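Whatever order the structure lists them in is the order used to number ligands and atoms, beginning at 1. Note that the coordinates shown come from a computational prediction; the quantities given were computed from them, not determined experimentally.
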Amino acid sequence: MLGAIVGDIVGSVYEWHNIKTKEFPFFREDCFFTDDTVMTCAVAEAIMNGGDRYDFVDAMKKYGRMYPDAGYGGRFGTWLFSDNREPYDSFGNGSAMRVAPCAWIMDCGFCARTGMWPSNGRAAARLSAEVTHNHPEGIKGAMATADAIFMNRFNFGGYSLDHGKPVNDNPAECKRLVKEYIEKEYGYDLSRTLDEIRPGYQFNETCQDTVPQAIIAFLESTDFEDAIRNAISLGGDSDTLAAITGSIAEAAYGVPAWIKDKAYSYLDEPLKEVLRRWRNYIVSLKTVTSKSTGGAK
Ligand SMILES: [Mg+2]
C-alpha cells in the first residue's frame, strides 16, 4: 500500500497542473498527501478492525473527518460528513485508489498449493468499493486493481511456474499475464501505448477512464520510479492515477528504500501509526514471505 501513497504524494502537485512528460523532480518540496493516502489508510484500518461492511464505513468516515481538507470528490465529501451509511452508486476512481491493502491479505502460498485464488482479499476489495462505489464500474475498478496487485505479488514473487520454472526472472511474461487476465476478466482495453493515450487524455475522475491507463503505466514501466513517472506523464487526475499505478508497481518491484523514507517524511503521526500497525498485521497473517516484496517491508 506504500506504493499508492508514494504515487499520491508525487502526483499531488500535478493534479491541477498536468505535465505531459516523465522529466520532473520526483519529490517536490511542496508535495503533500491527499485523499488517496487517507482513504488507503482507512481501508487498511477497516481490514484490521474485522473487514465487515461497516468497518469500512466507520474507518472511511473516521479518517475522512480527521483530514477534512484532503481533496475528496464532491459526492464522497458529502457522504463523509453526513449521517448516511449507505452507498450512492459512484463509479469514481476513489474505489481503485484506496483498494491496495485488500490485495496484501491474499496468501500467495495458498494459491500456489491449491491453484485457487484466496477469496478473502477479493471479498474485501469488493466490500471496500461497495460501501460507496456500488456502481458496476466502481466495483470493477477496485477489483481490477486488486487483482493486478495480487497477480504481481504472485508472478514477480516467484510463485508462478511455466513448465516447472518460476517466471519471476521474466518481467515481460509477468506483465503479459496481468494484461491478458485483466483484459479478459474486466474488458478493459490495455492495448494502447502511453504515447497514444497521452495527447488526448484529460482530467477524468471515473474508474473506467483511470484504471486502464494506470495499469498501462505499469505495463510499460521498467522499475517502481519509472511506473510513477509514466502515470504522471499522462496528465489527468495525476495523484489518483499515480496512486493506482504505484500500488500495482509496488507488488512487482517493491518500493526502493530512499523513496519509502522520503514518502514517510510527508506523512503525519496518525497515518504513520496506521502503516506501522498494518505492517505488523500482514506479517502476522503470514501472507507476506521473503518471496513477496513490497508491502510488509
Ligand atoms: Mg487525491
Side-chain angles (χ1 to χ4, degrees), residues 1-19 24 26-45 56 59-81 88 90-101 128-129 131-133 138 141-142 145 201-215 217-218 227-250 259 262-268 270-272 274-275:
M1 66 185 281
L2 194 64
I5 292 171
V6 172
D8 176 41
I9 292 170
V10 173
S12 61
V13 289
Y14 301 114
E15 179 177 4
W16 305 113
H17 305 281
N18 276 187
I19 47 170
F24 56 87
F26 200 65
F27 283 109
R28 261 173 42 180
E29 235 171 69
D30 54 345
C31 283
F32 52 100
F33 69 83
T34 82
D35 54 341
D36 309 67
T37 292
V38 174
M39 285 301 124
T40 298
C41 288
V43 165
E45 171 136 325
F56 288 103
M60 286 178 199
K61 294 210 176 214
K62 173 185 164 187
Y63 284 91
R65 292 172 186 193
M66 277 169 67
Y67 301 95
D69 301 318
Y72 308 102
R75 290 172 73 204
F76 186 74
T78 302
W79 178 86
L80 271 183
F81 295 97
Y88 56 92
S90 175
F91 51 84
N93 52 27
S95 60
M97 80 187 186
R98 69 194 184 201
V99 75
S128 78
V131 291
T132 50
H133 291 50
T145 303
Y201 190 61
Q202 294 175 332
F203 187 85
N204 192 301
E205 280 184 314
T206 68
C207 267
Q208 56 270 40
D209 266 319
T210 307
V211 176
Q213 288 81 356
I215 295 173
F218 159 70
I228 301 285
R229 289 185 182 278
N230 281 346
I232 302 285
S233 79
L234 288 177
D237 187 359
S238 298
D239 55 342
T240 297
L241 184 59
I244 298 166
T245 300
S247 68
I248 296 169
E250 172 186 19
I259 292 180
K262 187 71 181 169
Y264 264 82
S265 74
Y266 291 90
L267 300 178
D268 69 359
L271 295 177
K272 283 193 270 198
V274 177
L275 288 173

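Closest approach between the Mg ion (ligand 1) and any N/O/S atom of Asp239 involves OD2. Distances from the Mg ion (ligand 1) to the N/O/S atoms of Asp36 are shortest for OD1. Looking only at N/O/S atoms, Asp35 comes nearest to the Mg ion (ligand 1) through OD1.
Inspection of the Asp237 and Asn93 side chains reveals an N or O donor paired with an N or O acceptor under 3.5 Å. No hydrogens or angles considered: a donor-acceptor pair under 3.5 Å links the side chains of Thr132 and Arg98.
The Mg ion (ligand 1) has no N, O or S atom of Thr37 closer than 2.8 Å.
Annotation: Trp79 is not in aromatic contact with Tyr72 [ring centroid separation under 6.0 Å not met].
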Passes side chain to side chain donor-acceptor pair (under 3.5 Å), Asp268 versus Tyr67? Steps please. CA-CA 11 Å; Asp268 69 359; Tyr67 301 95; 2.8 Å; yes
